[in-house]
Each structure stands twice: as C-alpha cells, then as structure tokens.
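Quick note on labels: first sequence line is chain A, next is B, and so on, each numbered from 1.
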2 protein chains.
Amino acid sequence: MLSKKTKYAIKALVVLGKNTDKPPMQISKIAEEERIPKKFLEQILLDLRNAGFLYSKKGAGGGYSLNKDPKDIYLVSIMRITDGPIAMVPCASLNFYHKCDECHQETTCGIRSVFVDVRDATLKILSETSIADIIARENTLITSL
Amino acid sequence: MLSKKTKYAIKALVVLGKNTDKPPMQISKIAEEERIPKKFLEQILLDLRNAGFLYSKKGAGGGYSLNKDPKDIYLVSIMRITDGPIAMVPCASLNFYHKCDECHQETTCGIRSVFVDVRDATLKILSETSIADIIARENTLITSL
DNA sequence: TATATTCTATACGGAAATAATAGACTTTAA
DNA sequence: TTAAAGTCTATTATTTCCGTATAGAATATA
C-alpha cells in the first residue's frame, strides 16, 4: 500500500505544479487546500526539497515552488524518496536491495523471479508518469464528467 | 512489500506442489524444510485450507496436501488470502475496494487513475503465474547454474 | 477403548513501521 | 525590530506484522 506520506507528497507536487507561474506557496495553504496535517506536510516538503525537487524561500512572502518542470518529476522518484523501494520483495529492488530474511538460495528463488517481473511492469508505468501527466489525467477526467 | 505470511504461504504451496503423489505432509515437516515458525505456519495453512486450496487430515498419518492442481493455484489468489488487496491504493482495488481517507473526489483523482494502471499490470502477471510456474521457474534457474 | 498424533481456533503480546504533533531555531521582508 | 515563513529534531500515538500460547477436536492405531 502507498503510504499517506507518498500520497501527500504527490498531492502537494500537483498543487505546486499548477502554481508554477505564481509566487511561492506556503505550507499552510497547501495543507489547507489538500487537507493534509500541516506539521506532517512540513516534513514531507523538506524531504522533497532536500532531494532537489522543490525550491524554498524563508521569511515573509516565502514558501515553496517546484524546482523542476512538472514534466520532469516522475512518480518513481517521489516514491523512492517517501516510501523507498518499488519492488514488493527487497531482493528484487534496484535501489534498495537487500536479502530477504527467509531466503537462503536467492539465485534460484522462484518467488524472486516473478516479483522481478512485477517490479519491471510497475516501474515502467511509474517512471513514465510525471506530475504533469497526473495533472493532465485529472483534466481529462474532469472534462469527461 | 510482501508480508512474510504471503512468502511462507507460497513456499508451503510449492513444497506441497512437489509432493502431490505422496501422502499428506505434516505442518512440522514443511516448517522444518522451509524454516518457517511452526505456529505461524499453522495459521497460514488453515487460511489456505478454509479458502479451499488445501486438503487436511487430522490424526496420526494426517497432514496437508493440495486440493487443486498446482497449475490452477495462482499467486493472485494466494495473495488475496494472505495480504488482501493487490492494488497499492484501496480505491483502486477490485476485491477490497474502499475509499481513501484523504480523498474527496475519487472520480477525478489522477493518483487513482495511475494506480489502476499499475494494478492491472501487476494483476496480469500474478493471475497468470501459478504454483506450477514457480516450480518450473526454479527448475530452470537451477539448471542454468 | 486409550493414547499419541495431528489439525483447528482464538487470543495475546512485543516489535516495528506509520502518522501525526511539539517546540525551539533560522532566515527574511517590511 | 517584528512578524512571517521555513528548518530541524524529538517525541508520542496508532496501527500492522510476526510470532507465541493455549485449549480443543478429530483420527489412526495399538
């Protein structure tokens, strides 16, 4: 399951992605609009900032804005920051690999073999879908109502 | 992440899938062979039995055996018993649907839209891969060493 | 029929992860 | 100088996962 942290991160980035031509947006405003606990959101935005996705400005009139084009922020990157691995088993993870506790024959493990395929299928989607795509999808969905 | 419960379930089914022509196998033996905590495995096998995948026999000489052909036991079914939903967001789940806490506009949610695609990609693999396939994959991997 | 063997069922407890909150500090605009 | 922001770390609360315990029911076989 996606953590709330990840969902909040994506939602915040979507809001900021619609705000690119305006002055930076305050945490409080994002939290309010998306109904995210403010203090929790602070932590999340900080992580995204430290990973280079956000620009922040302190003091009066400060706030957050995207540091990249929404087209260049992919879900896979966000998820790796907030949730960590994409794969469903640690032994199939590209960026967060470690051996499974239970496993003692990784090279011949049939479970691993299947979940490498699952990882690849998931990864293909998540690494092709950007914040801009999410916004576009929402616009399409709204139009088709 | 896959729970240990699910991994243990798959491993137990694989062991039983290699044992189809022999008398039922005791929990203790499966637990020993696969190094699974026995009491935990009892619960898991019980769930699989109640779902119709296993046949069990009490008393001396009793034990567990598969109630279906290994070709007809798909990973998706096992996972739904042990872990529940396949989708990464509850609002995208086919068998365990419920609204996300945070969400108030499900029909136009871009996150949901993407994770429906992820679910479909995952589901395709998991509903095509059976216990027999896992065994076959392991044999292939062993041969190619 | 007695007994050991094996599965059945439910309840419990600790550990880890997740979610949220708190408070003190830093920077900046006006 | 002060109010408005973000920064950073610690702490608490909640939930889920993993494993254990215990009592019970069914069955083979001696």
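Not a single donor-acceptor pair under 3.5 Å links the side chain of Glu34(B) to the backbone N or O of Lys11(B). Panel note: side chain Asn19(B), backbone Pro23(B); a donor-acceptor pair is recorded below 3.5 Å. Asp133(A) contributes a side-chain N or O that, together with a main-chain N or O of Ser130(A), makes up a donor-acceptor pair within less than 3.5 Å.
For Ser3(B) and dT16(D), the shortest distance from a side-chain N or O to OP1 or OP2 is not below 4.0 Å. The shortest distance between the side-chain N/O atoms of Lys57(B) and the OP1/OP2 oxygens of dA28(D) is below 4.0 Å. Proximity of Asn50(B) to the phosphate of dA9(C): a side-chain N or O atom is located under 4.0 Å from OP1 or OP2. For dA5(D), the OP1/OP2 oxygens have no side-chain nitrogen or oxygen of Tyr64(A) closer than 4.0 Å. For dT8(C), the OP1/OP2 oxygens have a side-chain nitrogen or oxygen of Arg49(B) closer than 4.0 Å. Within the 4.0 Å cut-off from OP1 or OP2 of dT6(C), not a single side-chain nitrogen or oxygen of Ser28(B) is found.
Nucleic acid contact class of Met25(B) (heavy atoms, under 4.0 Å, all strands): sugar-phosphate only. At a threshold of 4.0 angstrom between heavy atoms, the contacts of Asp101(B) with the nucleic acid are absent. Within the 4.0 angstrom heavy-atom criterion, base atoms lie near Lys39(A). Nucleic acid contact for Ile27(B): sugar-phosphate only, since backbone atoms but no base atoms lie under 4.0 Å from a heavy atom of the residue. Using a 4.0 Å heavy-atom cutoff across all strands shown, Tyr55(A) reaches no nucleic acid atom at all.
The residue among Lys4(A) and Ala60(A) whose nearest nucleotide of DNA chain C is located toward the 5' end is Lys4(A). Nucleotides of DNA chain C nearest to Pro37(A) and Gln43(B) differ in position, and the one nearer the 5' end is that of Gln43(B). The 5' end of DNA chain D is approached more closely, in terms of each residue's nearest nucleotide, by Gly59(A) than by the other of Gly59(A) and Lys5(B).
Distance Leu16(B) CG to dC7(C) C1': 14 Å, rounded to the nearest Å. Rounded to an integer number of Å, the gap from Lys29(B) NZ to dT6(C) P is 12 Å. For the pair Tyr8(B) OH and dT20(D) C1', the interatomic distance rounds to 13 Å; values are reported in whole Å. Atom CD of Glu32(B) is separated from atom P of dT6(C) by 12 Å (rounded to the nearest Å). Atom C1' of nucleotide dT16(D) and atom CE of Met1(B) are separated by 16 Å, given to the nearest angstrom. Rounded to whole Å, the distance from CG on Leu54(B) to P on dT6(C) is 17 Å. For the pair Leu48(A) CG and dG6(D) P, the interatomic distance rounds to 14 Å; values are reported in whole Å. Separating the CZ atom of Phe40(B) from the P atom of dG13(C) is a distance of 18 Å, rounded to the nearest angstrom.
Once rounded to the nearest 0.5 Å, the distance linking CG of Asn95(B) with CD1 of Ile86(B) reads 8.0 Å.
Under a cutoff of 6.0 Å and an axis angle of 45°, Lys5(B) and Phe40(B) do not form a cation-pi pair.
If you check the side chains of Thr140(B) and Thr143(B), you find no donor sitting under 3.5 Å from an acceptor.
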